[in-house]
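First the structure, in the form of C-alpha cells, and then the observations on it.
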Amino acid sequence: MPTPKPSATKITSPTAAASGPRQSIPRLESAAKVTGSAEYIINMRIPGMLYGRITRSPVAHGKIISIDTSAALAFAGVHSVITGEDIRKIIPNPYYGPAFHDQPILALDKVRYVGEPVAVVLARDPHIAEEAADLVEVEYDPLDPVFDEVAAAQPTAPIIHDVLQPAGTFPDLKHLKGRAGTNVALDAQVRRGDIEKGFATADHVFEHTFHNGKVIHATFEPIVSLAELTDTNGITIHSATQSPSFVRSEVARLLGWAENRVRVRTALLGGGFGAKLYIKLEALVAACALLARKPVRIALTMEEQFYTITKHGTTVRIKTGVMSDGRMIARKVETWWNGGAYADIGPRVSQKSGFTGAGPYDIENIALDNHAVYTNEPPAGALRGFGISQLVWAYESQADIIAHALGMDPLAFRRLNILREGRPHATGTLMRHAEIAEVLNRLEIKMDWNRPIERGTGTVRRGRGIGIGIKASISPTTSVATVTIAGDGSCSMLCSTVDMGQGSDTALAQMTAEILGIAATSVRVVHPDTDITPYDMATLGSRSTYHMGHAIIQAAEAVRAQLMEIAAKSMGVATEQLTCREGAAFAPDGRRMSFRELMLARFGMQAGHLTGTGTFTPPFSKPDQETGQSPQVTPFWMLGGAGAEIEVDTETGRIRVTKLVNVGDVGRAINPSIVERQLTGAGTMQLGFTLFEEMRFSDGQVLNASLADYKIPGTLDIPDEMTGEMIEIPHGDAPFGAKGVGETAVFSVAPAIANALFDAIGVRIMELPLTPERVLRALREKEGRPLESE
C-alpha cells in the first residue's frame, strides 16, 4: 500500500484552496472489506435478543377497526405482539418525521399506504416471528385513496392527514404548516423579474410536461436497527443509519428523555443513497425493547424496502420564452412532488431542488412553483441528488427541443444561456466558483462534439446527446469534529460522518494528515457513536467533504497549535519558526521532536491527551417566502454534465448506451481515484433510473417488489466507454478547494440519453424510464402505425 509523502504544513486557513492533499491512496477500510472483517450492523447479534417481523397493511387508505393478536400470541415461540396502542402507553405522542411529526411508529387509527407497519411480532427465532406476523388479523374500513400527485393536490381529493404537526427541525422550514384542507405539505415559490412580460416579449414560447415514476435506493445492506437497554437507565441503538445525531435527538424527543440517555452508533454502511436518513426503524426497535425489556432487532427484507422509502415521482410542467437568437428570457416551472403517505424529508427536497428549476441558465424572468403532495403510496425522501435529477430531466429535455426548433446546435444553445461568474441565480444568490462553462467545454471535447456521427442504415440507429444540471449544497447545517493526540503521539479523528461507500473516512483522514504532517494511513477514524463522536447533521447531499472537511481542518489545526506550543517551549524557539511534518516538530536548526516526545515533554510520561475541536456552520440566508430570494441560499453550487452516445434497435425499441461521459465540477479532488469512482458509480445508478428502473403500482400495491422483477444495472448494461471527468478548479471557500461530488453525476444522464434518442430516431419521450416499449410505441406513433394498447 503506497504511503503519501508527508509535507510541511504551512496552511493557516482552511480556505488555502490551491494546495493540500491530492493523492489516490487506497481506502482505509479496503483490506477489512476484502477480508470480510469490516463491521456492518446487519451482521450484529446480541445474546438474548428478539427478532421482530412486521405485519403490514394490505389497504392503501382505511380506518383500523380492530387488531386481533390472539392467534399470533398463541403461536409457539412468540414472545409478544406489539401494536400502535401498546406503543402509545409508553410514548403518548408516537409520531416522528424531520419535516412533520406525521408518521406513527406503528399505525394508529388508520393506514395510509399499502405496506404500512401495523403490528410487530417478537420471537427468539426470526422464522417464528415471520410466520406469526401473518396471523395478526386486522379489520379495515377502506377509504378512497389517491395516488397521482397532481390529482392529490386538488381541493376535491381524499384527505390523507386531517392534522399536520410541523417538526420545526430545520430553520429554513420553520414556516412549514401545509396547505389547510388539502394534501399539499408545502408550497414553495421563486419569483424574479416579470414573468408575464417575459412571455409577452418572447419570440417563441415552448411548453411541455414531463413525468418520472418512483424508484428505490436498492441498498444491498438492508435497513436494519437493533436496540438494547443499558444498565444506566438508557438505551443503545445500533443502526445502519446515515444520521446518527438526528436519530438520537428524535428518539430522545419521542421518549421524553434527555439526549444523553440515548446512544446511537453505526458502522460502515452497505449503501445508503438517502434510504437510511432520519428515522426508519430506530424508534420502532426502541419502543419494542422498552416494552419487551429485551434487545430487539428488526431487519427489512428487500420487498419491505420497496414499502419503506422511495424517490419522489414528479410531474413537471415547464414553459420557456425564447428570443429568435436563442436567448431564454422567461421560464415558469410548476412541479408536483409525489411524497407518498408521510412527508419524511420530502418538503425539504421539494424546496431545495425546486428553486433550481431555472437550471444553470441566466434567465431574467422566473416563476418556480413547487408542491410537495401527500398520496397513498409509500413515503418518498431523499435519493442521491435530492430531487435534482427529476428537474434536470425536464429542463434539459426541453433545452434540446428548443435548440432543434430554432435550428441551433444544442451545445451552442446552452453555452449562449449559461450563468457566468458573478451573475445572479434565480434565487438572487450570486453565482460564484461554479464552473458551468468548463463543464460544457469538457463535454464538447470528450464527446468529440463536432465529429460527424455514423448513424447506421439498418434497424439499428445511432445518436448522441448532452445535458447539464445544477444543485445547491445543503444549508443550514452544522458539523462538529474532534481530533486527538494520544500519549504515544498517535492521532484519532472523531466525527459522525458515515462512510457508506463514498470514501469519506479516507478523504477526511487525508485532510487531517495534511494539517498534522502525518500519513493518512496512521489516522484512526472513529466511526459514528453519539456517546463518543460529536454532532453532524447527517451524511447526505454530498455535504461531508465541504462541511465536515471545514470542521476537521479546524480541529486538526487546534491540535497542531497545541503541539507546536509544547515544541516551542521545549526547544526554545518561537512557534512561528517551527514546521510540522513527518509526525514531528522541526526547529530552524534541524532539531526535531516527534509527537510522542512532545507528549512526554508535556506530561512527563506516556500519558495525557490533546484534543482539538472544530465546528462549521455555513453561511445561509433564509429565502423570502413570497419571492424565494436570498443573498446566500447555498454555501456552494454543484455542476454536472453528461454526454451519451446510443444505439436504438428500431424493431424492439431497446436502447444500448455505447458511450457515457460524466463531467463534474469537483473543486479539487482530495483523492482523485475515489472521486472518479463517485462519478462513474453515480452515472451507473442514473443509467438504471433512465432505462428500466420503475416501481409499478396497482391500487397502491407494488407489483415488482423484488430484485427479480425490479432490475438494476448489471455489468452487461455498462456502456463500452464510460468515464468520469473532473473539472478541478479549487473552490475559494472550500477546504483545500474540494467540493462534494457524490451526486454530481446523477443530474444529467437521463436527458442526455433521451436527447440522443431524439437524435437517433426523431422521437421525444416525456416519461421515464425509456423502456423498450415506450420507445417502440413512440416510434410507431411517429410512423403513423401506433401499437395497440393492452
Side-chain angles (χ1 to χ4, degrees), residues 56-67 83-89 91-119 138-170 173-188 250 253-254 278-279 283-284 287 307-310 312 336-351 370-381 699-700:
R56 295 176 180 274
S57 167
V59 174
H61 195 196
K63 293 181 181 177
I64 298 174
I65 304 300
S66 63
I67 302 176
T83 67
E85 292 300 337
D86 295 324
I87 289 176
R88 191 139 57 181
K89 294 171 186 171
I91 305 175
N93 188 19
Y95 292 87
Y96 63 87
F100 290 98
H101 292 159
D102 59 359
Q103 187 160 5
I105 297 174
L106 289 172
L108 287 165
D109 306 322
K110 68 185 292 190
V111 292
R112 296 177 174 87
Y113 69 99
V114 172
E116 178 160 5
V118 175
V138 186
E139 184 182 358
Y140 302 95
D141 180 11
L143 301 169
D144 289 337
V146 59
F147 304 112
D148 178 82
E149 58 271 12
V150 178
Q154 303 308 310
T156 54
I159 299 300
I160 298 169
H161 290 272
D162 297 324
V163 178
L164 285 175
Q165 183 181 348
T169 304
F170 300 110
L173 295 179
K174 288 287 188 187
H175 64 283
L176 201 64
K177 58 183 179 183
R179 194 195 302 165
T182 75
N183 293 313
V184 178
L186 171 138
D187 289 307
E250 189 74 339
R253 180 191 64 79
L254 283 163
Y278 308 107
I279 293 283
L284 180 56
Y307 291 104
T308 301
I309 192 72
T310 73
H312 286 79
W336 291 265
W337 302 80
N338 189 329
Y342 297 107
D344 197 86
I345 196 60
R348 210 179 196 204
V349 170
S350 306
Q351 188 219 37
N370 288 276
H371 314 292
V373 185
Y374 287 109
T375 67
N376 292 113
E377 289 187 347
D699 294 328

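Values below: all heavy atoms of this structure, side chains included; hydrogens, waters and symmetry mates excluded. FYI, the numbering just counts along the sequence from 1.
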Q. Which atom names give the shortest non-hydrogen contact between His61 and Ile159, and what distance separates them?
A. CE1-O, 3.6 Å
(Q) A quick test of your reading: do over 12 heavy atoms of other residues, nucleotides or ligands sit less than 6.0 Å from CG of Asp699? (A) no
Q: If the plane angle is over 60° it's perpendicular, under 30° parallel, otherwise tilted; pick one for Tyr113 and Tyr342.
A: perpendicular
Q. Are any non-hydrogen side-chain atoms of Pro158 and Leu143 less than 4.5 angstrom apart?
A. no
Q) Have His312 and Asn338 got a donor and an acceptor in their side chains that come within less than 3.5 Å? A) no
Q.
So Asn93 and Gln165, do their side chains get closer than 4.5 Å, heavy atoms only?
A. yes
Q.
Does the plane of the ring in Phe170 sit parallel, tilted or perpendicular to the ring in Tyr278? Use 30° and 60° as the thresholds.
A. perpendicular
(Q) So Ile91 and Tyr96, do their side chains get closer than 4.5 Å, heavy atoms only? (A) no
Q: Sequence neighbours left out, what passes salt bridge (charged side-chain N to carboxylate O under 4.0 Å, His left out) with Arg348? Give chain and number order.
A: Asp172
Q: Please report the shortest heavy-atom distance between Pro94 and Ile87, naming the atom on each side.
A: CB-CG2, 3.9 Å
Q: Take Leu108 and Glu85 through the test side-chain contact (heavy atoms from CB on, under 4.5 Å) and record every step on the way to the result.
A: CA-CA 7 Å; Leu108 287 165; Glu85 292 300 337; 3.7 Å; yes
Q. Quick one: salt bridge (charged side-chain N to carboxylate O under 4.0 Å, His left out) partners of Glu250, sequence neighbours excluded?
A. Arg253
(Q) Can you tell me how far apart OH (Tyr95) and CG (Leu254) are? Round to the nearest 0.5 Å. (A) 12.0 Å
Q: Return the minimal non-hydrogen interatomic distance between Lys110 and Ala107, and the atom names on each side.
A: O-CB, 3.8 Å
**Q.** Gap between atom CG of Leu186 and atom CH2 of Trp337 - 0.5 Å precision
**A.** 11.0 Å
Q.
So does Pro98 get a backbone contact from the side chain of Thr169, meaning a donor-acceptor N/O pair under 3.5 Å?
A. yes
Q | Straight-line distance of Ile160 CD1 to Asp144 CG, nearest 0.5 Å | A | 11.0 Å
Q | Asn183 vs Thr375 side-chain heavy atoms within contact, under 4.5 Å | A | no
Q) Run the side-chain contact (heavy atoms from CB on, under 4.5 Å) check on Ile64 and Tyr140 step by step: do they pass? A) CA-CA 5 Å; Ile64 298 174; Tyr140 302 95; 4.1 Å; yes
Q | Closest approach of Tyr374 to Leu164 (non-hydrogen atoms, all atoms of both residues) | A | OH-CD2, 3.2 Å
Q: Would you mind reporting whether Arg112 and His161 have side-chain heavy atoms less than 4.5 Å apart?
A: yes
Q.
Tell me whether Asp344 contacts the main-chain N or O of Ala380 through its side chain, where contact means a donor paired with an acceptor under 3.5 Å.
A. no
Q. For Asp109, what residues pass the salt bridge (charged side-chain N to carboxylate O under 4.0 Å, His left out) criterion, not counting sequence neighbours?
A. Arg88
Q) What are the two closest heavy atoms between Ser57 and Val111, and how far apart are they? A) OG-CG2, 3.5 Å
Q: Of all the heavy-atom pairs spanning Ala157 and Ala151, show the shortest one and how long it is.
A: CB-O, 3.4 Å
Q.
To the closest 0.5 Å, what do you measure between CG (Leu284) and CD1 (Ile279)?
A. 10.5 Å
(Q) Nearest 0.5 angstrom please: Asp86 CG to Ile105 CD1, how far? (A) 12.0 Å
